[in-house]
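Here the structure is laid out as structure tokens; the discussion comes afterwards.
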Amino acid sequence: MQDDSTIAAIATARGEGGIAIVRVSGPRARAILEGAFAPASGEMAGRRLTYGRVVDAAGAVIDEAMAVFLPAPRTYTREDVAEIQCHGGSVAARRALARVLELGARPAEPGEFTKRAFLNGRIDLSRAEAVMQLVSANSEAAARASVRQLEGGVSGFVREISARILDLLSLIEASTDFPEEIDEAVAAEQVSAGVREILSELRRRADPRAARLLREGASIVLAGRPNVGKSSLMNALLNAERAIVTPVPGTTRDVLTERICIGGVVAELSDTAGQRETADPVERIGVDRARGAVDRADIVLIVIDASEPLAPEDAELLDEADDRALVCLNKADLPAQITPDDLRARTRAQVLELSAATGAGVDALVKALEGRLARDCSEDSLTVERHLQLAAEAAEALEGALRALEGGCPVDIAALDLRVAREKLSEITGEHPTEGLIDEIFARFCVGK
């Protein structure tokens with residue numbers, strides 16, 4: 001899998017910008033840089049940005065630029081690396097890259113710089129995947145989770161869990177080799193307790209829902225009967241007049257969705273049609289869509305009008321509220337017909353008193369949403385689909401070991417499943433990867449990274 005060629009690519013995104021970076025890595029990086037770049041001072045020191053010009057084979061100037069040479073092994077790839085920082089835009093960077101390729105580099109494949117970092121032992125496979133997660137992060141929370149993984153959060157977790165499994169395997173081996181010193185029944189009980197603890201931690205860290213919330217964002221849906229102030233509350237949360245607000249019931253006929261960032265997590269905030277029985281076929285479609293949006297939501301904001309008595313539609317929503325719900329008692333600026341205590345007597349969901357019209361209580365709602373999202377998408381969760389699958393397979397093997405122990409099987413039978421669990425976890429960090437797996441992972445990367 002090792003490759004001694006020198007590779008090059010434009011490492012910055014396409015389009016106009018202040019600078020564009022041409023990155024070169026491999027044994028000929030220095031020679032290629034010396035052929036493509038002419039320092040203004042006549043010399044170039046290692047690890048220092050130097051001003052000069054990118055030149056073609058005849059010495060004609062391609063662009064003014066800065067360049068740096070980074071000798072191995074203290075580089076991203078652990079190879080000699082050179083970078084040319086030319087003017088942004090496609091033309092200058094493309095011409096500089098063409099000159100580098102003319103001097104003997106070959107075009108880098110997607111993710112090949114990071115692939116070389118992995119193959120040269122600078123990072124493990126989970127940290128390599130974190131690079132792409134960070135590049136594609138769509139929120140501050142997703143970026144923080146990727147940085148944690150890049151700094152070894154996943155690797156450390158896998159090593160720690162693997163070490164605990166190895167301790168359990170050692171206990172099993174000791175109980176079978178020295179039965180007169182270690183009672184097998186006692187060993188089985190200790191191993192069972194250890195497996196339960198590991199399973200609990202593995203399930204917490206490998207929660208597919210938390211991973212989805214970090215990667216894709218959350219769905220927050222406003223639900224309630226007509227004219228309780230859902231659209232006004234949406235506008236208040238967005239701090240913009242996005243939803244149409246009128247006193248006419250049924251104004252909102254479809255699901256209206258906008259993106260919002262709450263506590264560093266991206267969310268889709270959806271206003272829905274007022275839920276009620278209606279003979280209007282168009283409104284009925286909107287009501288059906290509203291109910292579907294509620295069913296799929298990560299968080300449901302049940303909006304109740306505090307200035308009117310509780311309606312049957314309100315009661316139905318409260319009765320159906322689950323742990324996704326936050327109850328918003330709206331129109332607190334008007335004389336109250338319903339109090340927060342009235343609602344707390346009907347539901348376990350958190351109740352917040354607010355006024356979308358005046359803004360009172362909206363900040364408290366945002367804080368509650370931040371807390372709910374922080375609870376539901378822990379930033380130390382595994383986020384890569386491959387990691388989640390392997391963690392699920394490891395958990396399945398651990399459950400098999402637990403069943404064997406609880407079923408009275410000899411402890412060495414449970415050891416088989418414990419070894420499988422450990423092997424699955426080791427695949428996350430890529431201790432013994434196949435060439436096909438490596439190629440598959442890095443093919444998803446962008447060129448230049």
Would you tabulate the side-chain donor-acceptor contacts of residues 406-417 under 3.5 Å, counting partners in other chains and residues two or more places apart, or write 'none'?
from: E406; atom 1: OE2; to: R196; atom 2: NH2; distance (Å): 2.9
from: D417; atom 1: OD2; to: A401; atom 2: N; distance (Å): 3.3

Under 3.5 Å, sequence neighbours excluded: what are the donor-acceptor pairs made by side chains of residues 150-159?
from: S155; atom 1: OG; to: D124; atom 2: OD1; distance (Å): 3.3
from: S155; atom 1: OG; to: D124; atom 2: OD2; distance (Å): 2.3
from: S155; atom 1: OG; to: S126; atom 2: OG; distance (Å): 3.1

Measure the shortest side-chain to side-chain distance between I62 and V55 over non-hydrogen atoms and say whether it is less than 4.5 angstrom.
-> no

Does the side chain of H432 pick up a donor-acceptor pair with the side chain of E427 at under 3.5 Å?
-> no

Steps toward side-chain contact (heavy atoms from CB on, under 4.5 Å) verdict (L269, T257) = CA-CA 6 Å; L269 180 65; T257 298; over 6 Å; no

Suppose we screen for side chain to side chain donor-acceptor pair (under 3.5 Å). Which residues come up paired with [X], at least two apart in sequence or across chains?
X: T358; answer: S355
X: R259; answer: none
X: E109; answer: none

Is it true that R28 and D80 make a salt bridge, defined as a side-chain N closer than 4.0 Å to a carboxylate O?
-> no

Should D298 and R372 count as an ion pair when the cut-off is N to O under 4.0 Å?
-> no

How many angstroms lie between CG in L70 and CZ in R30, if you round to the nearest 0.5 Å?
-> 11.0 Å

Could you give the side-chain donor-acceptor pairs of residues 392-399 under 3.5 Å, partners two or more places apart or in another chain?
from: E393; atom 1: OE1; to: K424; atom 2: NZ; distance (Å): 3.1
from: E393; atom 1: OE2; to: Q389; atom 2: NE2; distance (Å): 2.9
from: E399; atom 1: OE2; to: R203; atom 2: NH2; distance (Å): 2.6

